[in-house]
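Here's the structure we're looking at; comments come further down.
By convention in this document, chain letters (A, B, ...) are assigned in the order of the sequence lines, proteins followed by strands, and residues within each chain are numbered from 1.
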Amino acid sequence: MAAAETLYDVIRRQGITRRSFTKFCSLTAASLGFGPGAATAMAEALETKERVPVIWMHGLECTCCSESFIRSAHPLVKDVVLSMISLDYDDTIMAAAGHQAEAILKETKEKYKGKYILAVEGNAPLNEDGMFCIDGGKPFVEKLKWMAEDAMAIIAWGACASWGCVQAAKPNPTQATPIDKVILDKPIIKVPGCPPIAEVMTGVVTFITTFGKLPELDRQGRPKMFYSQRIHDKCYRRAHFDAGQFVEEWDDEGARKGYCLYKMGCKGPTTYNACSTVRWNGGVSFPIQSGHGCIGCSEDGFWDNGSFYDRLTNLHRFGVEANADKVGMTAAGIVGGAIAAHAAVTAFKRVTTKREKADAS
Amino acid sequence: MTIHETLAAAAHGGKAVERQSIYVYEAPVRIWHWVNAVLILTLALTGYFIGSPLPSVPGEASANFLMGYIRFIHFAAGQVLAVFLILRVYWAFVGNIHARQIFHVPFWSGRFWKEWLHEVRCYTFLARQPKKYVGHNPLAQFTMFLMVTLPLFFMVITGFALYSEGAGRDSWEYALFGWVFSIWPNSQDTHTVHHLGMWVILVFVMVHIYVAIREDIMSRQSIISSMISGERLFKDRED
Ligand code: HEM
Ligand code: HEM
Ligand code: SF4
Ligand code: SF4
């Protein structure tokens, strides 16, 4: 690794042609929603700016984010990003192992102090001093904090790193904790989803490594370019929602006609993600297109929000399990009964009081 | 305020003027009350059908807009409710003392709680003679504050936050109410609390209408007609 190596140098050294390189730039610029001049600007940045190394660490997770990432629509995009440009360390897919691999971490931390990107897949369990996730002989939380110290910024991959996901579902015995609750002093970009869409992931990595800064983030710390609209806003079944045409039961007439899945518990109306625009597997389809509602996998606590197939969320408070309407109707029923009883007692008292008064006079 | 104080307060030039009827609820309060009641019932009905939609309609999607109309009515009524609530807050400042009652509870006043307890005892048949009040009695004031005023603000805030999801991240609704999603990052939870808020208000309405009718028959003052004419009529002269 030469000190002032650019990304372009690395690409050429790997035998990628200039033609492929410009293709990669236009493709990525388009996927990030940039204007026509952006591809040239990107190419220029990649040719002149110093390479930004990426360290990819795995905490408590299932590796679905990596699985998604390596299936990016355009093989060139993921090849360029993954194996050639900047991925200096990824213990799951790199050739090096053991001490040799761990040495890379130390080297990057020292050599690129404040300049490298830390991409984290999964999260850190904090219970029992972090012993529920041991990585390289140490609790993962220690490794995470140690590598975060000198990072420029952190990418939190997937629902696990962003929100906690299934390992943080109640009662969360290992106290799995999302990255932004462990690392408090670094810019963190959340790329939620279980897993996130491949094109979204490559887009985010490319943006950061190209421009050396994080893209614009929303209130929740997610990149605005991919997470500022709900599945529902761009869903192709939306016309049926507005019309009031719903699938009422699996395999009914409505299901065959491709009606809206709202009543089957579709979480599209509350889920921010790019599925209904970018879609999956190279734009082939996405859950709703395949006839199943969105389960809200990119949202906070989606495991704890009741059934995937209920429209109204079940509440688990006070030892009861019921949705807002059941709670409300029960309360209304009790109060209605109380009113009736109160009215009866009132009438009774009125009669007896009148009689008392009549007796007294 | 009890009737005695009001009579004393109405004293002019040392001569107490005793009155049988007092102007309590000014026109803006009365208009707000009835407009608000109609809006809340509209919002509850349309809101319920947003949560649990009607059976599917047949035909081509482009020939129907049922869910669209239900949501439109909900959003329109919601925005009107918000405007009227703002006007009602304005009136709390410029209107008479009774216009202010539902916006606060005199939490530190021992007397308030004593009279509050007396009302509770009356309603549980433990005390017989309810006191007379020109405005709302302490129990009514307390309940209205807790189950109407606060929930209405809550519904407006969460309602506009939900609305901003459709209007977009660059809308004024999101600029003003987007902070709600810092409390509930998953808007599914925002939907749930907005939905629960409806039931708090509906339970109040049930009790409220019962009590209004009951007091109208039982108590020693006019009730329902007061919210129509504004005048409180006292039926007897005892304390
Ligand atoms: C959605 C339905 C309703 C809501 C949310 C509601 C709410 C309220 C509120 C907040 C007040 C206090 C007004 C103020 O001080 O500004 C009030 C007073 C009053 N409401 Fe309603 N109301 C509803 C329906 C009704 C109905 C149907 C009746 C008639 C039976 C009624 C009769 C009254 C009366 C008589 C008062 C004055 C009580 C008093 O003199 O202390 N309300 N209501
Ligand atoms: C007393 C006042 C209100 C009541 C009782 C009420 C009731 C409801 C209910 C029950 C729902 C369905 C929630 C769910 O399960 O998803 C709902 C949704 C909603 N309400 Fe309200 N609401 C009120 C005021 C407002 C206001 C002031 C606004 C602001 C414009 C508003 C905007 C909305 C929006 C945007 C939705 C979501 C609609 C959708 O997802 O399609 N609401 N409301
Ligand atoms: S299927 Fe889901 S996302 Fe699509 S319109 Fe219906 S509720 Fe919205
Ligand atoms: S449609 Fe919903 S559940 Fe499916 S991948 Fe997209 S965000 Fe996740």
**Request:** Inspect the surroundings of OH in Tyr123(B) and state if more than 12 heavy atoms from other residues, nucleotides or ligands are less than 6.0 Å away.
**Result:** yes
**Most contacts with chain B, counted as non-hydrogen pairs under 4.5 angstrom, among Leu312(A), Val247(A), Asn305(A)** = Asn305(A)
**Request:** Check whether Lys267(A) gets within reach of chain B through its side chain, its backbone, both or neither, counting any heavy atom under 4.5 Å.
**Result:** side chain
**Prompt:** So which part of Arg238(A) gets closer than 4.5 Å to some heavy atom of chain B, the side chain, the backbone, both or neither?
**Reply:** side chain
**Atom group of Tyr69(B) that falls short of 4.5 Å from chain A, counting heavy atoms** = neither
**Message:** If you compare all heavy atoms of Val203(B) against all heavy atoms of Val335(A), which two are closest, and at what distance to 0.1 Å?
**Reply:** CG1-CG2, 3.7 Å
**Request:** Determine the minimum heavy-atom distance between Glu248(A) and Ser56(B), stating which atoms define it.
**Result:** OE2-OG, 2.7 Å
**Trp179(B) versus chain A, the contacting section by heavy-atom distance below 4.5 Å** = both
**Request:** Output the option from Ile213(B), Leu202(B), Asp189(B) having the highest count of non-hydrogen pairs under 4.5 Å with chain A.
**Result:** Asp189(B)
**Request:** Using a cut-off of under 4.5 Å on heavy-atom pairs, state which of Ala324(A), Gly301(A), Ala338(A) scores highest against chain B.
**Result:** Ala324(A)
**Asked** Which of the residues Val193(B), Ile70(B), Asn186(B) is involved in the greatest number of heavy-atom pairs with chain A at under 4.5 angstrom?
**Response** Asn186(B)
**Message:** Using heavy-atom distances under 4.5 Å, tell me whether Tyr174(B) contacts chain A through its side chain, its backbone, both, or neither.
**Reply:** both
**Request:** Step through the shown structure and confirm whether more than 12 heavy atoms of other residues, nucleotides or ligands are within 6.0 Å of CZ on Phe125(B).
**Result:** yes
**Request:** Show the numbers, then the answer: is there a side chain to side chain contact (heavy atoms under 4.5 Å, CB included) between Gln188(B) and Glu299(A)?
**Result:** CA-CA 9 Å; Gln188(B) 202 182 331; Glu299(A) 289 296 319; over 6 Å; no
**Prompt:** Where the side chain of Arg219(A) meets the backbone of Gly178(B), is there a donor-acceptor pair that is under 3.5 Å apart?
**Reply:** yes
**Item:** Side chain, backbone, both or neither of Ser52(B) within contact of chain A (heavy atoms, under 4.5 Å)
**Value:** side chain
**Asked** Quick check: are there more than 12 heavy atoms from other residues, nucleotides or ligands sitting under 6.0 Å from CD of Glu231(B)?
**Response** yes
**Complete:** Taking every heavy atom of His342(A) against every heavy atom of Tyr210(B), the minimum-distance pair comes out as ND1-OH, 2.8 Å
**Ala343(A) versus chain B, the contacting section by heavy-atom distance below 4.5 Å** = both
**Message:** Looking at Ala243(A), is its backbone amide N or carbonyl O close enough to the side chain of Asn64(B) to form a donor-acceptor pair, meaning the two atoms are under 3.5 Å apart?
**Reply:** no
**Asked** Which atom names give the shortest non-hydrogen contact between Met218(B) and Thr346(A), and what distance separates them?
**Response** CE-CG2, 3.4 Å
**Cation-aromatic face contact Arg71(B)/Phe241(A), 6.0 Å, 45 degrees** = no
**Prompt:** Based on non-hydrogen pairs under 4.5 Å, which of Phe246(A), Tyr259(A), Phe302(A), Tyr262(A) is most in contact with chain B?
**Reply:** Phe246(A)
**Message:** Under 4.5 Å from any heavy atom of chain B, what part of Asp218(A) do you find: side chain, backbone, both or neither?
**Reply:** side chain
**Asked** What heavy-atom pair brings Lys263(A) and Leu54(B) nearest, and what distance separates the two atoms?
**Response** NZ-O, 2.9 Å
**Complete:** Looking only at heavy atoms, the pair that brings Asp233(A) and Gly166(B) closest together is OD1-CA, 4.4 Å
**Request:** Side chain from CB out, backbone as N, CA, C, O: work out which of these in Ile201(B) comes under 4.5 Å of a heavy atom of chain A, or both, or neither.
**Result:** neither
**Request:** Give the member of Met329(A), His232(A), His240(A) that has the highest number of heavy-atom pairs under 4.5 Å with chain B.
**Result:** Met329(A)
**Prompt:** Heavy-atom distance under 4.5 Å to chain B: side chain of Ile339(A), backbone, both or neither?
**Reply:** both
**Message:** Please identify, among Asp242(A), Asp300(A), Thr313(A), the residue contributing the most non-hydrogen atom pairs under 4.5 Å to chain B.
**Reply:** Asp242(A)
**Prompt:** Taking it one step at a time, do Tyr227(A) and Arg169(B) satisfy side-chain hydrogen bond (donor to acceptor under 3.5 Å, both in side chains)?
**Reply:** CA-CA 10 Å; Tyr227(A) 291 90; Arg169(B) 289 282 145 106; over 6 Å; no
**Item:** chain A interface, residue from Pro53(B), Gly168(B), Gly68(B), Gly59(B) that has the most non-hydrogen pairs under 4.5 Å
**Value:** Pro53(B)
